[in-house]
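I'd like to ask you about the structure that follows.
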Amino acid sequence: MGRYAPRSLGAKLVAILTGIALLGAGAVTLLLALVITPSFDRLEQQAIDGHIERTRAALAEYATKVRASVRDYGDWNESYAYMAAPNRAFEQDSFATSAMVNLGVNGMAYVAPDGRIVIARWLDLQSGRDLPAMRAQMIRAIAKIDFRTALARESSDSFYVRLGDRIAAFGIAKVRRTDGTGESRGHVVMARLISAAQLSTLLQLDAQLDMPHPITAPTITTGETQIRVAVPVRGEGGVPVASATYRVPRDLSELGRSMLQLAVGGTIGLLLVLMAVLSLMIVRLVLRPLNRVERHMGLVRKSGNLTPLTEAPRADEIGSLVTSFNAMLSQLKDLREQVEAQSFKLGQSESAVAVMHNVRNALNPISTVLSQGLAQAPATDRALLDRALSELADEGIPAARRQKLAAFLAAVLQSEVQAREERKEQLSIGRDALHNVLEIIGRQQEQAHERPPVDPCDVTDIVARNATIARYSGSNSIAFDFPSLPHWALANRVLLSQVIGNLFSNAAEAIAATGRSGGSISVTIAERGQQVEITIRDDGEGFDPDAAPQLFQRGFSTRAHKSGGLGLHWCANSMIAMGGSLELRSDGKGCGARAVLTLQAAATMAEDVAA
């Protein structure tokens, strides 16, 4: 590794691998930290959420038991009768020490509708003794309870109440008949103390009741090794009266940190060893052979002599590379010369065939015009004309006969004038077609060597001109329909005229292939933003839509009597050279075809002409 220059490929590759190793180590560390740490934090948070839910459930269950007991006393015929007429027998039976111990409540009281305490008792469940001080605190707490609001929806409720420095679960219920009927004659209240020891037993944690600092929502205080959790103890109306607090060790976080350190250390160590071994192997197996190839290429570049590289035979990819490299050096010059020669010949051949194809299409109307002119019969028989002249010269012919002969000769002269005008029109069309041929030949050299220049052209005028010529390109009668308003586009006028002429010729052949004596070709021109779209539709034989790409292949023709053609291939290339495109579309055999030409719009010229 030390023999390579600082800017050599070997030094760069080794430096890249070293950088990759460092970046990989950092990425692995970051990835593991992003995966492991949040995962364990999430598990820890889920555990804390579970503790909070269990605390809420334990507090709710503790209070629910008191509520169940007080509801039994509230919906009881004897309680209903007692509140109407208090008696000693009911009090001795229902407020007996054994009854309260069985219910598991420390305090119990009956409250009249006007808030007056009918009877109240507070009992120490451990010793069975009455506690007057706690009874007094319970009575004061009962006086603060809003029974109407607490029991607005249900006949019983439960919540926690602070009694001095202690917390009790209170249960209250309306006094009604056993079946729940009857106007409430007061309320029954039961209280059950809850201590830190009882809460710890319920939660299986060392829990405390923090009465001086009640909270409204669960709070989590994270420490280094422990998490302090505080859950509100809800009183009447949901107002907290104390907080249940306990600490949870952060075992999951500690486990996550240990796993992260182990994973990062092991991964980085393995990655560094792997990069070191990979760097050494790359240097020995790849960089040194490539360096020898590089030195040989330097010698070839300096000397210009394509001599092969002499290297010890190898059966691996480097050996195959050296063999292929030597073969490339020996064949490069010959292949380049062959490609240049073939490219030149192909360009000449393609250019010549394209010109001849376009010239043939342009000469077809001339041939048709001349054939029609030669085949045209005289308007009047010559012998009949001579006879009429000889009779007209005879002075003995009656006047009526002379008038008829004069009218006949006038008609003959008129017919000759019309025939002469028709021949003049046909010769004018032939002259335009021949002018196209001359333009094609005259521009061939320029088209063969450079991109054709484009100028603003009136597409409507070019379409109209080629449509007039196309009427004489075959024996069928073809009706043309094209717009009258000018549409300007950027194109080479000669090339665009040849393209449209070729497309008209192909459309005429497609119409003739249907076997009908005539058909129609319609042209629509639409300006879409910065483009002009020319659509040429015919009602000819059409083609399979799947065969559309094949139509542009060089030498392909759908005519069985032809060995190949260049028209569509040349048209597509010409449109591309002018910065446009050509597409052929058809709905299927017998449905006609559409040729869509797209060119850049010449907006400025169109606005000037319109003005």
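Position 1 is the first residue of the sequence, and the numbers go up from there.
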Exercise for the section: Kindly write out the residues that satisfy side chain to side chain contact (heavy atoms under 4.5 Å, CB included) with D587, not counting sequence neighbours, or none if the list is empty. Expected result: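 Side chain to side chain contact (heavy atoms under 4.5 Å, CB included) check on D587 returns C591, R594.
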Problem - Side-chain heavy-atom pair L490, P456 within 4.5 angstrom cut-off - result: yes
Practice task
Report yes or no: do R528 and T598 form a side-chain donor-acceptor pair below 3.5 Å?
Solution key: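 T598 and R528 do not have a side-chain donor-acceptor pair below 3.5 Å.
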Exercise for the section: Evaluate the side-chain proximity of Q498 to W570: yes if any heavy-atom separation is below 4.5 Å, no if none is. Expected result: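 A side-chain contact exists here, since the closest heavy-atom pair is under 4.5 Å.
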Handout entry: Identified side chain to side chain contact (heavy atoms under 4.5 Å, CB included) counterpart of D538 within the set I521, N506, L503
Key =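 Checked I521, N506, L503 against D538; only one passes side chain to side chain contact (heavy atoms under 4.5 Å, CB included): I521.
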Fill in the blank from the handout: Minimal heavy-atom distance between P545 and S586, with the atoms involved, is CG-O, 3.2 Å
Practice task
Compare every heavy atom of A595 with every heavy atom of L582, then report the nearest pair and how far apart it is.
Solution key: CD1-CB, 4.4 Å
Problem - 4.5 Å side-chain heavy-atom contact, L597 and M575 - result: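 Side chain of L597 against side chain of M575, heavy atoms only: contact under 4.5 Å found.
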Problem - Where N492 and P453 come nearest, the two heavy atoms and their spacing - result: ND2-O, 3.0 Å
Practice task
Taking T460 for its side chain and L485 for its backbone only, find out whether a donor-acceptor pair lies under 3.5 Å.
Solution key: yes
Handout entry: Distance, nearest 0.5 Å, that separates CE of M578 from CG of N573
Key =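 The CG atom of N573 is 11.0 Å from CE of M578, to the nearest 0.5 Å.
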Problem - Minimum heavy-atom distance between A593 and F543, given as atom pair plus value - result: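 Taking every non-hydrogen atom into account, CB-CE2, 3.8 Å.
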Exercise for the section: Can you sort out the partners of I462 under side chain to side chain contact (heavy atoms under 4.5 Å, CB included), two or more places apart, ordered by chain and number? Expected result: C457, N466, R493, L496, S497, I500
Problem - Non-hydrogen atoms of Q600 and Q531 that approach each other most closely - result: NE2-NE2, 4.0 Å
Exercise for the section: Measure across S574 and V499 and return the closest heavy-atom pair with its distance rounded to 0.1 Å. Expected result: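 Looking at all heavy atoms of both residues, the closest pair is CB-CG2, 4.0 Å.
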Exercise for the section: First locate atom OG of S484, then atom CD1 of I525, and finally report the distance between them rounded to the nearest 0.5 Å. Expected result: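 With rounding to 0.5 Å, OG (S484) is 10.0 Å from CD1 (I525).
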Exercise for the section: Please check if the side chain of S505 supplies one atom and the backbone of G501 the other of a donor-acceptor pair under 3.5 Å. Expected result: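 Checking the backbone N and O of G501 against the side chain of S505, no donor-acceptor pair under 3.5 Å is found.
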Practice task
Decide side-chain hydrogen bond (donor to acceptor under 3.5 Å, both in side chains) for R537 and T524; before the verdict, give the C-alpha distance in whole Å, the side-chain angles of both, and the deciding distance to 0.1 Å.
Solution key: CA-CA 8 Å; R537 294 180 174 85; T524 58; 3.3 Å; yes
Handout entry: F504 and V463: CA distance, side-chain angles, deciding distance, side chain to side chain contact (heavy atoms under 4.5 Å, CB included) verdict
Key = CA-CA 9 Å; F504 281 169; V463 169; 4.0 Å; yes
Problem - Side chains of F482 and I534 in contact at under 4.5 Å (non-hydrogen atoms) - result: no
Handout entry: From CZ (F480) to CD1 (I536), nearest 0.5 Å
Key =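 Between atom CZ of F480 and atom CD1 of I536 there are 9.0 Å.
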Exercise for the section: Just grab all the salt bridge (Lys or Arg N to Asp or Glu O under 4.0 Å) pairs involving residues 569-586, residues at least two apart or on different chains. Expected result: E583-R585
Practice task
Test side chain to side chain contact (heavy atoms under 4.5 Å, CB included) on L599 and W488 and set out the steps.
Solution key: CA-CA 10 Å; L599 290 168; W488 294 86; over 6 Å; no
Exercise for the section: Starting from the C-alpha separation in whole Å, work towards a yes-or-no answer on side chain to side chain contact (heavy atoms under 4.5 Å, CB included) for R516 and D539. Expected result: CA-CA 10 Å; R516 303 195 308 268; D539 57 353; 3.1 Å; yes
